There are 2 protein chains.
Amino acid sequence: MGRPSRAHEVRRLILDGAADIFSRRGYRATSMNEIAAAVGLSKPTLYHYFHNKEEILVRLYEEVMSDAVDDAVEISESVEDPREVLHRLLVYRVRTTCERQSIHKVFFEEEEELPRDLVETVIEQRRRYEDVYRTQVRRFLDDHPDPPDIDVTVFVNSCLGAANWVYKWYRPDGPRTPEQLGREIAFYALHPLG
Amino acid sequence: MGRPSRAHEVRRLILDGAADIFSRRGYRATSMNEIAAAVGLSKPTLYHYFHNKEEILVRLYEEVMSDAVDDAVEISESVEDPREVLHRLLVYRVRTTCERQSIHKVFFEEEEELPRDLVETVIEQRRRYEDVYRTQVRRFLDDHPDPPDIDVTVFVNSCLGAANWVYKWYRPDGPRTPEQLGREIAFYALHPLG
DNA sequence: CCTACCGATCGGTAGG
DNA sequence: CCTACCGATCGGTAGG
C-alpha cells in the first residue's frame, strides 16, 4: 500500500524538478519542455503523469500545505507550555523552509497562478495554520499574571514574517544550519512574550 | 524643470496601472493589452512611453529601490540614538509597504523577470539598504554596557522579515493604520535589544 | 516515448 | 520635423 510505485517515483522526480525551475524562473516563464529536459523525459511523457502544467503547481501547493498544518497540529499537541509550543513551531517553520527552499519560494510567490478553488483552500489552510499560533499566544497571555501588551494577530504575523522570510535569504553554504537559524529567529521573535 | 510634463504624467499612470495588475495576476501573465485597457490607452501607445514590457517592470523596481535607500539614509542621518533610528526605519518600512502594497508585492515576487544587469543592481541596493540597519545595530551593541547576545545579520533579516511580510497580509480596510501597524511591528521586532 | 503539429495568444511594429 | 496616438497585423512561442 505505502510502497512507492514506479509511477509515484517519477511523479516525485517531476515535482522536485518543477519546483526547482519554477523557483528560479517563475511558473509562467517555465515551459513544459524545460521541466521535461530537467528530469530527462520528453514533454509528452510529462502529460502521462500530470494532466497539465497547472496540476503540477497544485500538487506542490497541496504538499506544502498538508505538511505545514499536520506538523503544526502535532507539535501543539505534544507539548504543554504554550511558549515552548510557539518556539518549536517557529524553529520547525524556519527549518522546513530552509530545507525545502525552492518549493517554499514557489508556495509564497505563485499563488495568483492557482485555480480559483485551490486559492480558497490555500486561504483556509493558512487560517488553520495561523490559528494554531494564535491559540497558543492566547493561552500564554491567559496564563500570564502580568501579560505583555500585544495584539495576537499582529504579533503572530510578525513572527511568521520573521520566520518565513528565510526563504529569501537563507544560503545552504552559509555558516548556520537551518536548525540553528530557526532557534535564533524564534528566540528573537518571541522576545515580546518576556 | 521639476514641472511634470504631460508625458511624465502618462508614464506615472501606466506604472501605477501596471503595478496593480502585475500584483494581482503576475508580470508574465499580464499582457500589454491588459495594461493598456486598464489605463485607457491602446497597446501601441504604451510603446510610445516605454520601449517594451520589461522596461515597465524595471522602472517599478528602480522606484522602490531608490525610495527605500534614500529614505533609509535620510532617517539614519537625522536621528542620533541607534535604537530610535532602527525603530523609525522599521515603522517607515511597514508604512511604505502598506501604502504602496501592489508595487511592493511586485518588487518582492518578480525578481526573476528582471534583466541580468538589473538583478545585480537590486542585490547591490538591497545590500546598501540592509547595511544601514546593520550599522545601527552594531552602533547600539557597541554603545551598550551589557549588549544582548544577537547576531547582527540574522537579527536584521528577522526584523526585515517581520516588517516586509505586511505586503502579504495588510488590508486597507483593517482596524489599524499603516503607521500604527509599523509601530507595533517595530516594537515587537526590536524587543531583543532590550 | 517521440515527431509532428494544432489553436490560441503574446510582445512588438507597420502605415497613416 | 516632432510628439502623440490608433487600427491592424506581424513573427515567434506557448501549452497541449
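All values derive from a computational prediction rather than experimental measurement. Protein chains get the first letters and strands the later ones, always in sequence-line order, with residue 1 at the start of each.
For the pair B:His8 NE2 and D:dT3 C1', the interatomic distance rounds to 17 Å; values are reported in whole Å. To the nearest angstrom, C1' of C:dC10 lies 12 Å from OH of B:Tyr27. Note: NE2 (B:His48) to P (C:dG11) measures 20 Å, nearest angstrom. Going from atom CZ of B:Phe50 over to atom C1' of D:dA4 covers 15 Å, rounded to whole Å. Atom CG in B:Leu46 sits roughly 13 Å away from atom P in C:dT13 (whole-Å rounding). In this structure, OH of B:Tyr49 is placed 13 Å from C1' of D:dC6, rounded to the nearest angstrom. Between the CD atom of B:Glu34 and the C1' atom of C:dC10 there is a distance of 11 Å, rounded to whole Å. Straight-line distance from the OH atom of B:Tyr47 to the C1' atom of D:dA8: 15 Å, rounded to whole Å.
Looking only at atom types and distance, the side chain of B:Tyr129 has no donor-acceptor partner in the side chain of B:Gln125 under 3.5 Å away.
If you check distances only, the side chain of B:Lys43 does reach the base of C:dG11 with a donor-acceptor pair under 3.5 Å.
Residue A:Asn52 is in sugar-phosphate contact alone, with no base atom involved, counting any heavy-atom pair closer than 4.0 Å across all strands shown.
The aromatic ring centroids of B:Trp165 and A:Phe108 lie less than 6.0 Å from each other.
Atom name P, nucleotides C:dG16 and D:dA4: the rounded distance is 22 Å, in whole Å.
Nearest to the side-chain atoms of B:Pro44 among the listed nucleotides C:dG11, D:dA8, D:dG15 stands D:dA8. Distance from the side chain of A:Met32 is smallest to D:dG15 among D:dC5, D:dG15, C:dG11.
The main-chain N or O of A:Ala29 is found under 3.5 Å from a side-chain atom of A:Arg25 such that the two form a donor-acceptor pair.
Between B:His144 and B:Phe140, the ring planes are tilted. Angles from 30° to 60° get that label.
Taking 4.0 angstrom as the limit, B:Ser42 places none of its side-chain polar atoms (N or O) nearer than this to OP1 or OP2 of D:dC5.
A pairwise comparison of heavy atoms in B:Arg93 and B:Asn164 identifies NH1-OD1, 2.8 Å as the closest pair.
For B:Leu41 and A:Thr30, each mapped to the nucleotide of DNA chain D holding its nearest heavy atom, the one lying further toward the 5' end belongs to B:Leu41.
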